[in-house]
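Since we're looking at a predicted model, the values are computed, not measured. Note: hydrogens, waters and symmetry copies are ignored here, and every other heavy atom, side chains too, is used.
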Amino acid sequence: MREIAVFVACILFYASVAPIVASTSEIAEARIAGENDTKGFDWKRFTASYLTIHASPILLLSAIWFMDEFNLYGGPFDSDNVVLSCCAATYGISALTIVFALIHSPVPPADRFLGKSPEWVNAYTQAYQKSMKRSRVDASVAGCFAGTATLAATVYLIFSVTSGDTPGSN
């Protein structure tokens, strides 16, 4: 009789645990699916960051030239301050692409939710957004570094070709 009571207790225990295990595996599967749907490098974000690094100094220097040409500033420009201002503004603008990647919550594809439970949808959405933000930030940072390296090389080449010397040499 004791063996039967233990057997019934085991069956009741496993019957109560089985839905929890099934629910846990469903949530784990949703998280894995959310992360797998964001795999790959975000080339659009990389390109936007890269071009931001290159376009910002050109736009800022053009604006400063325009202000100087038409005497809108009211005084002479100090070339060291202009370069420093352009560098600071360029990296401030590029930092905005990284901040935007951190703040903006991506929307997962709606077709993944068809026929899924609310717990699955919630777990998938959280995993998708977290993984997509990480991917976007990684691509933005990589674009900023690549843009900085090629911009520095471009400036170095321009100075060396126009002056015959390297920048900073007297």
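Taking each heavy atom of Ala33 and Trp120 in turn, the nearest pair found is CB-CZ2, 4.3 Å. Nearest heavy atoms, Arg112 versus Lys116: O-CG, 3.5 Å. The shortest heavy-atom contact between Lys133 and Ile103 is NZ-O, 4.1 Å. Closest non-hydrogen pair, Pro106 versus Pro108, comes out as O-CD, 3.6 Å.
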Go through the steps for Arg45 and Phe100 under the test side-chain contact (heavy atoms from CB on, under 4.5 Å), then give the verdict.
-> CA-CA 10 Å; Arg45 193 73 55 175; Phe100 181 74; 3.3 Å; yes

Under the side-chain contact (heavy atoms from CB on, under 4.5 Å) rule, what do Lys39 and Ser135 come out as? Steps first, then yes or no, please.
-> CA-CA 8 Å; Lys39 294 293 183 198; Ser135 173; over 6 Å; no

Do His104 and Arg136 pass the side-chain contact (heavy atoms from CB on, under 4.5 Å) test, and can you show the C-alpha distance, the side-chain angles, and the key distance before you say yes or no?
-> CA-CA 10 Å; His104 180 258; Arg136 286 179 173 179; 2.9 Å; yes

After noting the C-alpha distance and the side-chain angles of Thr125 and Phe113, does the key distance pass the side-chain contact (heavy atoms from CB on, under 4.5 Å) rule?
-> CA-CA 9 Å; Thr125 302; Phe113 301 150; 3.5 Å; yes

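Between the side chain of Ser131 and the main chain of Ala127, no donor-acceptor pair closer than 3.5 Å is present.
Other residues, nucleotides and ligands contribute only 12 or fewer heavy atoms inside 6.0 Å of the NZ atom of Lys130. The local environment of CZ in Phe41 is crowded, with over 12 non-hydrogen atoms from other residues, nucleotides or ligands closer than 6.0 Å.
The aromatic rings of Tyr128 and Tyr124 sit parallel, their planes meeting at an angle under 30°, below the 60° perpendicular limit.
Interatomic distance, Asn122 CG to Arg31 CZ, rounded to the nearest 0.5 Å: 9.0 Å. How far CE of Met132 is from OG of Ser105: 11.5 Å, rounded to the nearest 0.5 Å. For the atom pair OG1 of Thr47 and CG of Asp42, the computed distance is 9.0 Å after rounding to the nearest 0.5 Å.
Hydrophobic clustering (side-chain heavy atoms under 4.5 Å, transitive across Ile, Leu, Val, Met, Phe, Trp, Tyr) groups Phe145 together with Val137.
Screening Thr52, Leu102, Ile98, Val99 against Ser140 for a side chain to side chain contact (heavy atoms under 4.5 Å, CB included) leaves a single residue, Ile98.
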